[in-house]
Amino acid sequence: MSNQLQSQLTGIPRTLLMTTRARVEEHQRPDAIFRDPKVAEWWPLLSWDAALDRFYSPIAQLTWAVRAKLFDQIAQRYLAHHPDAIAIELGAGLSTRYHRVGQGYRCWIELDLPEVTALRRRLDTETEYHRFFSRSVMDFSWMDELPVCSPDNLLIIAEGLLMYFEATQVREFIHQLQQRFPGTTLVFDALGSSPRSKGARQLAQLGAPLKWFIKNEQDVAAMGLFIVNAQSLIQENCRYPSRIGIYRWFPWISKLPPLRNACLVLETTLTPNRS
Ligand SMILES: C[S@@+](CC[C@H](N)C(=O)[O-])C[C@H]1O[C@@H](n2cnc3c(N)ncnc32)[C@H](O)[C@@H]1O
């Protein structure tokens, strides 16, 4: 295995190294929120990009692990109610959710840009039940290539993805989904912080500028999505007081709107398009 391919990751694809590392480190903790043996198997074959050091921190690691856990729980609940379900992860990066919780799905699809899918192919094995789509999420042809299934048996996951697009692109993406898959569950995370925040400025310096921000979940509802559940990542972090530093003494501040809405995991249903 050569590390050369991975070192070519730039821009937004490069950020997948941070969420991947967060899952590796979570797996290695004695008090892990979840275990992820597959990512631990892959990690020694990858090389860390030192430019990401200033963005990666214990609290960022916790936040990405908690986020992964919340998405896992949604995928598990969805399967429990839809035994014939299909899932697609958009901007999957090196997600190992399929290996953690997805093997009961009729089909699980990982979609990412060609350089990322090429990396996955060196680590993971494509099968009839676990497929890899290599293209941009904004190339809507993937919507026509899903296995036949009714929209209410389809789970679409976009973890750590939509914030990298302009609001107009997110609106068009949702519009396309609404037209093709009314009734489908779409789960994604959205940021309520600002482009001027420290994290946003650091990501911009990495060539991965954040572009889409919301005030709260009502902004998403206004786009025609029915909100099934909204979970605040900052509030979820507070479930692990020994890992949040001085914030353990002030859990109430996570209820303040700017913190509560700083990052929301949103489980939504695509309502039929009105236009
Ligand atoms: C922060 S990473 C998240 C990866 C993964 N979802 C996770 O949580 O570990 C963002 C991912 O979005 C992917 N991405 C960026 N632009 C994309 C696009 N236009 N189409 C598909 N994937 C894209 C990147 O390649 C990268 O894998």
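First listed ligand is number 1; within each ligand, the first listed atom is number 1.
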Note to self: Assess whether a salt bridge exists between D112 and R120, defined as any Lys/Arg side-chain N lying under 4.0 Å from an Asp/Glu carboxylate O.
What the structure shows: no

Next item on the list: Report yes or no: does E159 have a heavy atom closer than 4.0 Å to ligand 1?
Entry: yes

Check: What is the closest protein heavy atom to atom 7 (C) of ligand 1, and at what distance does it sit?
Finding: T19 OG1, 3.5 Å

Note to self: So, regarding G91 and ligand 1 (criterion: nitrogen or oxygen to nitrogen or oxygen, under 3.5 Å), is there a contact or not?
What the structure shows: yes

Check: Measuring from the heavy atoms of W64, does anything fall under 4.0 Å of ligand 1?
Finding: no

Next item on the list: Answer yes or no: does an N/O atom from E89 fall short of 3.5 Å to an N/O atom of ligand 1?
Entry: no

Check: Can you find an N or O of V137 that's nearer than 3.5 Å to an N or O of ligand 1?
Finding: yes

Check: Is the NZ or CZ atom of R121 both under 6.0 Å from the centre of the six-membered ring of F132 and within 45° of that ring's axis?
Finding: no

Check: Should one rank V116, D112, T15 by closest heavy-atom distance to atom 22 (N) of ligand 1, which comes out on top?
Finding: D112

Checklist line | Nearest neighbour in protein (non-hydrogen) for atom 23 (C) of ligand 1 | finding: L161 CD1, 3.6 Å

Checklist line | Basic-acidic side-chain contact under 4.0 Å: E159, R97 | finding: yes

Notebook entry, point to check: Would you call R131-E145 a salt bridge at under 4.0 Å N-O?
Noted result: no

Item checked: Whether A92 lies under 4.0 Å from ligand 1, heavy atom -> yes

Next item on the list: Determine, for R23 against E26, whether the closest basic-nitrogen to carboxylate-oxygen distance falls under 4.0 angstrom.
Entry: no

Notebook entry, point to check: Just checking, any donor-acceptor pair under 3.5 angstrom between side chains of E110 and H130?
Noted result: yes

Item checked: Proximity flag R67 to ligand 1, non-hydrogen atoms under 4.0 Å -> yes

Check: What residue and heavy atom of the protein are closest to atom 19 (N) of ligand 1, and at what distance?
Finding: S136 OG, 3.0 Å

Margin query: Starting from atom 10 (C) of ligand 1, what is the nearest protein heavy atom, named by residue and atom, and what distance separates them?
Written below: G160 O, 3.3 Å

